[in-house]
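What follows is a short report on a single structure.
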Amino acid sequence: MSTAASDKATPEKLTPVYGPTSEQPPLFDGTTRLYTAYICPYAQRVWITRNFKGLQNEIKLVPLNLQDRPAWYKEKVYPPNKVPALEHNGKITGESLDLVKYLDANFEGPSITPDDPAKKQFADELLSYSDTFVGSVFSSFKGDVANEVDPVFDFLENSLSRFNDGPFFLGQFSLVDIAYIPFIERFQVFLSEVLKYDITEGRPKLAALIEEANKLEAYKPTKVDPKQTVEAFRKRLSAQ
């Protein structure tokens with residue numbers, strides 16, 4: 001599971017965003033489509049997976065405007081009206097981590113699932129913790145940030161010490177990194193610029209993870225403009 005050998009992403013021209021007046025793509029015409037949103041971290045997980053496995057030509061992106069979605073998406077494509085969702089083999093399925101695993105199991109390309117039993121078990125533990133991580137950081141925005149987020153980022157730092165055969169959570173790049181990186185990316189920007197908290201201070205392994213992730217061709221085109229992140233999180237904070 002060598003990252004350098006497996007990072008097969010190639011540049012692509014991003015599809016324009018689908019808004020309320022956009023025509024619906026043909027449904028179940030044999031095309032595999034990833035309904036996504038360029039700003040959504042959950043959808044970004046599946047987008048990174050698609051890129052890493054070199055599936056840009058096999059899976060077409062259908063990016064939606066989350067603030068003003070086309071009505072046909074909920075009515076005809078995916079009633080939960082959330083992203084991501086995958087159109088494949090005559091059905092629509094959702095939920096980001098399920099789709100990450102689905103792409104890995106059903107499409108060609110480098111595996112993002114470890115073979116080693118110890119790494120598999122640790123992967124399950126970290127995936128189970130991911131919602132706690134995300135929720136804890138979000139809930140800290142109106143609290144005592146340092147006291148509330150120190151434990152969760154320390155947990156990540158300690159987790160990155162489990163295996164020493166690479167800079168990622170399981171040593172080599174895997175579905176665990178895909179689960180966490182979209183949120184680490186956004187939290188690093190917002191906590192630093194708005195709340196003056198540096199998630200990498202005293203956490204060299206987390207800093208190394210971010211540095212190595214930023215080198216991945218599969219990840220680079222999925223990154224969000226930091227200004228968009230700050231704006232989105234400010235709105236979330238003001239709504240709390």
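For the numbers below, each heavy atom of this structure counts, side chains included, while hydrogens, waters and symmetry mates do not. Please read these numbers as outputs of a predicted model, since none were measured by experiment.
The heavy-atom pair separating Gln24 from Val77 by the smallest distance is NE2-CG2, 3.6 Å. The shortest non-hydrogen separation linking Pro151 to Ala146 is CD-O, 4.5 Å. Closest approach of Gly54 and Gln56 over heavy atoms only: C-OE1, 3.2 Å. In terms of heavy atoms, Phe168 sits closest to Glu212 at CZ-CB, 3.7 Å. Between Leu103 and Lys53, the shortest heavy-atom distance links the atoms O-CE, 3.4 Å. Taking both residues in full, the closest heavy atoms of Ala213 and Ile181 are given as CB-CD1, 3.5 Å, listed atom of the first, atom of the second, then distance.
Counting only distance, with no hydrogens or angles, the side chain of Lys196 and the backbone of Glu193 share a donor-acceptor pair below 3.5 Å. In this structure, the side chain of Lys119 engages the main chain of Leu170 through a donor-acceptor pair within 3.5 Å. No donor-acceptor pair closer than 3.5 Å links the side chain of Trp72 to the backbone N or O of Pro20. In this structure, Glu157 contributes its side chain and Leu206 its backbone to a donor-acceptor pair below 3.5 Å. Side-chain atoms of Asp104 come within 3.5 Å of backbone atoms of Ile112 as a donor-acceptor pair (strictly under, hydrogens ignored). In this structure a side-chain-to-backbone donor-acceptor pair under 3.5 Å is missing from Gln44 to Tyr38. In this structure, Arg45 contributes its side chain and Ser96 its backbone to no donor-acceptor pair below 3.5 Å. Under a 3.5 Å cut-off, the side chain of Arg50 and the backbone N or O of Ile59 do form a donor-acceptor pair. The backbone N or O of Val137 lies less than 3.5 Å from no partner atom in the side chain of Glu148, so there is not a single donor-acceptor pair. Panel note: side chain Lys205, backbone Leu160; no donor-acceptor pair is recorded below 3.5 Å.
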*asked:* Assess the residue pair Tyr78 and Tyr35 against the criterion (side-chain contact (heavy atoms from CB on, under 4.5 Å)); give the C-alpha distance rounded to whole Å, side-chain angles, the decisive distance to 0.1 Å, and a yes or no.
replied: CA-CA 9 Å; Tyr78 192 51; Tyr35 295 88; over 6 Å; no
*Step by step, work out the side-chain contact (heavy atoms from CB on, under 4.5 Å) result for Ile199 and Ile184.*
CA-CA 9 Å; Ile199 68 171; Ile184 291 173; 4.0 Å; yes
_Walk me through whether Val152 and Ser136 qualify under side-chain contact (heavy atoms from CB on, under 4.5 Å)._
CA-CA 7 Å; Val152 292; Ser136 296; 3.7 Å; yes
*Would Tyr180 and Leu126 count as a side-chain contact (heavy atoms from CB on, under 4.5 Å) if you check the C-alpha gap in whole Å, the side-chain angles of each, and the deciding distance to 0.1 Å?*
CA-CA 9 Å; Tyr180 278 87; Leu126 290 175; 4.2 Å; yes
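Note on ring orientation: taking the six-membered ring where Trp is involved, the planes of Tyr197 and Phe153 are tilted (angle from 30° to 60°). Below 30°, between 30° and 60°, or above 60°: for Phe52 and Phe173 the angle between ring planes is between 30° and 60°, a tilted geometry. Between Phe155 and Tyr129, the ring planes lie tilted relative to each other; the angle falls in the 30° to 60° range. Relative orientation of the Phe107 and His88 rings is tilted, given thresholds of 30° and 60° on the angle between their planes.
A donor-acceptor pair shorter than 3.5 Å can be found between the side chains of Glu185 and Tyr219. A donor and an acceptor atom, one from each side chain of Asn214 and Lys223, are located under 3.5 Å apart.
Ile39 places a side-chain heavy atom less than 4.5 Å from the side chain of Leu66. You'll find the side chain of Leu27 reaches within 4.5 Å of the side chain of Glu87, heavy atoms only. A heavy-atom distance below 4.5 Å is found between the side chains of Val194 and Val230. The shortest side-chain heavy-atom distance between Ile48 and Pro182 falls under the 4.5 Å cut-off. Here the side chains of Thr31 and Pro25 are not in contact, with every heavy-atom distance at 4.5 Å or above. Between Arg33 and Pro26 the shortest side-chain heavy-atom distance falls below 4.5 Å. The closest side-chain heavy-atom distance from Pro221 to Glu12 is not below 4.5 Å. Between Val46 and Tyr102 the shortest side-chain heavy-atom distance does not fall below 4.5 Å.
Heavy-atom contacts from other residues, nucleotides or ligands closer than 6.0 Å to CD of Glu201 number 12 or fewer. For Asn164, the CG atom sits in a loose shell: 12 or fewer heavy atoms of surrounding residues, nucleotides or ligands are nearer than 6.0 Å. Within 6.0 Å of atom CD in Glu125, more than 12 heavy atoms from other residues, nucleotides or ligands are found, so the atom counts as buried in its surroundings.
Taking the six-membered ring for Trp and the full ring otherwise, the centers of Phe122 and Phe169 sit at least 6.0 Å from each other. Checked against the 6.0 Å centroid criterion, the rings of Phe138 and Phe141 qualify as a close aromatic pair.
Atom CD of residue Gln172 and atom OG of residue Ser111 lie 12.0 Å apart, to the nearest 0.5 angstrom. Atom CG of residue Leu99 and atom OG1 of residue Thr36 lie 10.5 Å apart, to the nearest 0.5 angstrom. Rounded to the nearest 0.5 angstrom, Leu175 CG and Asp124 CG are separated by 8.5 Å. Between Leu64 atom CG and Thr15 atom OG1 the span is 11.0 Å, to the nearest 0.5 Å. Note: Ser130 OG to Leu156 CG = 10.5 Å, rounded to the nearest 0.5 Å. Rounded to the nearest 0.5 Å, atoms CG (Asn51) and CG (Leu61) are 7.5 Å apart.
Both Val62 and Phe28 belong to a common hydrophobic cluster when Ile, Leu, Val, Met, Phe, Trp and Tyr are linked at side-chain heavy-atom distances under 4.5 angstrom. Leu195 is connected to Phe183 through a chain of hydrophobic side-chain contacts under 4.5 Å among Ile, Leu, Val, Met, Phe, Trp and Tyr, so both are in one cluster. Neither Tyr73 nor Tyr42 shares a network with the other; the hydrophobic side chains, linked directly or stepwise wherever heavy atoms of I, L, V, M, F, W or Y lie under 4.5 Å apart, form separate groups for each. Tracing side-chain contacts under 4.5 Å through hydrophobic residues (I, L, V, M, F, W, Y), one never reaches Tyr18 starting from Leu14; they form parts of separate clusters. In the hydrophobic clustering of ILVMFWY residues, with side-chain heavy atoms under 4.5 Å counting as a link, Val83 and Leu86 come out apart.
Using a 4.0 Å cut-off between charged side-chain N and carboxylate O, Lys220 and Glu217 make a salt bridge. By the 4.0 Å N-to-carboxylate-O rule, Glu231 lies too far from Lys227 to be salt-bridged with it.
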